[in-house]
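Reckoned from all heavy atoms, side chains included, excluding hydrogens, waters and symmetry mates.
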Amino acid sequence: MPKAPSIEKLLQNGSAEWNKLRKAGQVPTDHTGATFTQLFSANADLSGLGLVGSEWERCDLSKINFRDSDLSNSYFHGGRLQDCDFRGANLEGATFEKLKLLRCDFTGAKGLEDLEMDEVDMDRVVGLDGEEAPPPPPPPAQGITAFTREQREKALGSAAAAVMGPVGEELPPFKPQDPPGALFFRALKRLAAPPVWVLDVPGLRPLVPQRLPPGSSLEAMYREAVKSRLENKKPSADPGAVERAQKSLRMGGKDASVAAMYLREVGVLPLFRFSAAKVLKDALRAEVEVDDLTGSIDPRVTGALLELRLTHEVVEHLQEARRRLAATQLYTALLEAGFTPENNWEEALESAEPAMELAQLATAEDRNALFEGFQVFAALPDEARLRRLAYLAETVTNLELVSRLPEGMEPQWLTGPETRECHDREMTYVQALRAADIPAKVPALAKAELGVPEGEVPEDSEDDLFVHLRCDVCGKEKLIVQSPE
């Protein structure tokens, strides 16, 4: 039968796991002679335990509950104890040596007369010399949870920590409450130079690349236009590129998303919308259907859907985009603070309410799915992780704007563009009407287009939608019926 893990091993794995096992009664209460070396832990419940003769060598302990525990003949050497609760504990024969005590409470502790102290620095300690209790301590710094010193040094030895400079004894902060844009900007500054793809997320106001690789594709032209705008210059429209972009929309080409975004950047109205709907929605659906908790979604596709006002069957993907962004935001904040799937990330998760909210949105109560997603995300290269965060943040913004567009801006059908075209361009959407609106708003047009007598409501059309279109060139109007079937 395998030997049960020792208290030393359990605490190194994180106080959250320890507290869970403790609450379930799955750990013993007698740990006489336990030895802890270079342990960094927070919020562990050690109350009522037998820790006789235990040794604590260079340990940093924060908010540890030693209440009513037996620490007789124990030895604390080096390190720091912060906001620890020793009320009612037995400290007879214990030794504190070369130790920092900060806001610890020894009220009612036993054996204090036999407690040996040597080179102990005390700050707002209660219960040893009769001091009055200070005001309640502030919450511990976020991100300072259960780390061994080796884990902490490994985290700080990473490239990210090297860029951040010397941080002394403190870990990088854990800030899941920061918006994706703040996480993105901090990570972007650590790269040697901004990659070209940052121009795909202009809404995040990224650092702009100094030079772009030469190219005449619509993607290259679009990024050049974005770069000009972010540098407070007015992008100029290239006639050849504009013609190619309009053709791509008319034919529903694979680069229709970039075509729509290029036309937006250079201030040219698209002549076609509906003909590009299918390819854009298929591209969005293909990315959403990928089974990856942090899978990227191209913001140029969602941006094109917004620019062309193609709302039908798009908003249903907003929740999935939000879920992916929540997971990516949480993982980015964890990695930024030095947490990885291998060390104490769950304890960090439970130390911050914003982190718990992100985890809930990402996977609800499924911690295993959250862990597997973190493993996949952490294994990606730094730039790939950053790109996913930026793309998802921009995509969620685009889809939220699409969700606020009025109903009926786009008919549900995606074929037969000739029914909506005049003068080699798609007619402009004017309004969407219900059957009851016809007599008051478009009686003459309804009679001319559909044969409905003026002043009357179309028969058997309670659930139909009537789309009113107009040609910008000749002023011709159409009224097309959209049925729910």
Side-chain angles (χ1 to χ4, degrees), residues 13-14 16 142-143 145 147 151 154-161 163-164 171-191 195 197-198 200-201 204 206 286-299 302 317 319-352 354-397:
N13 290 336
Q142 288 181 328
T145 59
F147 261 71
Q151 288 172 330
K154 181 179 180 181
L156 295 179
S158 66
V163 174
M164 294 177 67
L171 283 166
F174 178 43
K175 295 184 177 180
Q177 71 276 12
D178 282 0
L183 293 169
F184 167 69
F185 191 75
R186 288 200 298 267
L188 187 59
K189 289 196 297 184
R190 298 184 194 122
L191 297 181
W197 58 260
V198 300
D200 300 338
V201 290
L204 297 181
E287 291 193 303
V288 169
E289 289 177 352
V290 173
D291 186 14
D292 188 340
L293 185 56
T294 61
S296 181
I297 300 176
D298 194 333
T302 54
H317 302 307
Q319 187 57 36
E320 173 63 17
R322 285 174 173 165
R323 188 175 77 94
R324 293 187 184 188
L325 177 60
T328 307
Q329 180 179 343
L330 174 61
Y331 297 155
T332 301
L334 286 167
L335 291 170
E336 180 185 58
F339 297 101
T340 71
E342 289 74 38
N343 64 20
N344 313 104
W345 69 276
E346 284 195 277
E347 186 173 354
L349 180 70
E350 293 171 0
S351 71
M356 295 295 291
E357 292 173 355
L358 291 172
Q360 177 68 24
L361 178 56
T363 62
E365 300 296 329
D366 193 342
R367 281 292 180 88
N368 187 54
L370 194 67
F371 173 63
E372 291 177 353
F374 194 14
Q375 286 182 309
V376 172
F377 187 74
L380 295 171
D382 292 345
E383 186 180 324
R385 294 198 300 264
L386 185 59
R387 184 169 184 164
R388 289 193 177 196
L389 174 69
Y391 269 27
L392 287 168
E394 190 91 349
T395 281
V396 167
T397 299

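Between R186 and D178 there is a side-chain heavy-atom pair separated by less than 4.5 Å. L386 is listed as a side-chain neighbour of L188, based on a closest heavy-atom distance under 4.5 Å. Counting heavy atoms from C-beta outward, T395 and D298 have side chains that stay 4.5 Å or more apart. At least one side-chain heavy atom of Q329 sits under 4.5 Å from a side-chain heavy atom of L183.
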What side-chain donor-acceptor pairs closer than 3.5 Å can you find for residues 354-366, not counting sequence neighbours?
unit_1: T363; atom_1: OG1; unit_2: D366; atom_2: O; d: 3.1
unit_1: D366; atom_1: OD1; unit_2: N368; atom_2: N; d: 3.2
unit_1: D366; atom_1: OD1; unit_2: A369; atom_2: N; d: 3.0

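Taken to the nearest 0.5 Å, the CZ atom of R387 stands 13.0 Å off from the CG atom of L389.
In plain terms, the two heavy atoms of L325 and A393 that are nearest each other are CD1-N, 3.8 Å. Taking all atoms of both residues into account, the shortest heavy-atom contact from Y391 to S296 is CD2-OG, 3.2 Å. Of all heavy-atom pairs between P173 and A337, the closest is O-CB, 3.4 Å.
Ion pairing between a basic and an acidic side chain is recognised when a charged N comes within 4.0 Å of a carboxylate O; R190 and E336 show such pairing.
Residues that satisfy the side-chain hydrogen bond (donor to acceptor under 3.5 Å, both in side chains) test with R388, not counting sequence neighbours, are D292, T294. For the side-chain hydrogen bond (donor to acceptor under 3.5 Å, both in side chains) test, no residue two or more places apart in sequence or in another chain qualifies with D291. By the salt bridge (charged side-chain N to carboxylate O under 4.0 Å, His left out) test, E350 is found to be paired with R367, residues two or more places apart in sequence or in another chain being considered. Remark: F374 pairs with Y331, W345 by the ring pair (Phe, Tyr, Trp, His ring centres under 6.0 Å) rule, at least two apart or across chains. Evaluation of the side-chain contact (heavy atoms from CB on, under 4.5 Å) rule for A390 yields F184, W197, V201, L204 as partners, not counting sequence neighbours. Scanning for side-chain contact (heavy atoms from CB on, under 4.5 Å) contacts around P179 gives A182, with sequence neighbours left out. Partners of E320 under the salt bridge (charged side-chain N to carboxylate O under 4.0 Å, His left out) rule, at least two apart in sequence or in another chain, are R323, R324.
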Worksheet item: Can you list the steps and then say if L330 with L349 is a side-chain contact (heavy atoms from CB on, under 4.5 Å)?
Response: CA-CA 9 Å; L330 174 61; L349 180 70; 3.7 Å; yes

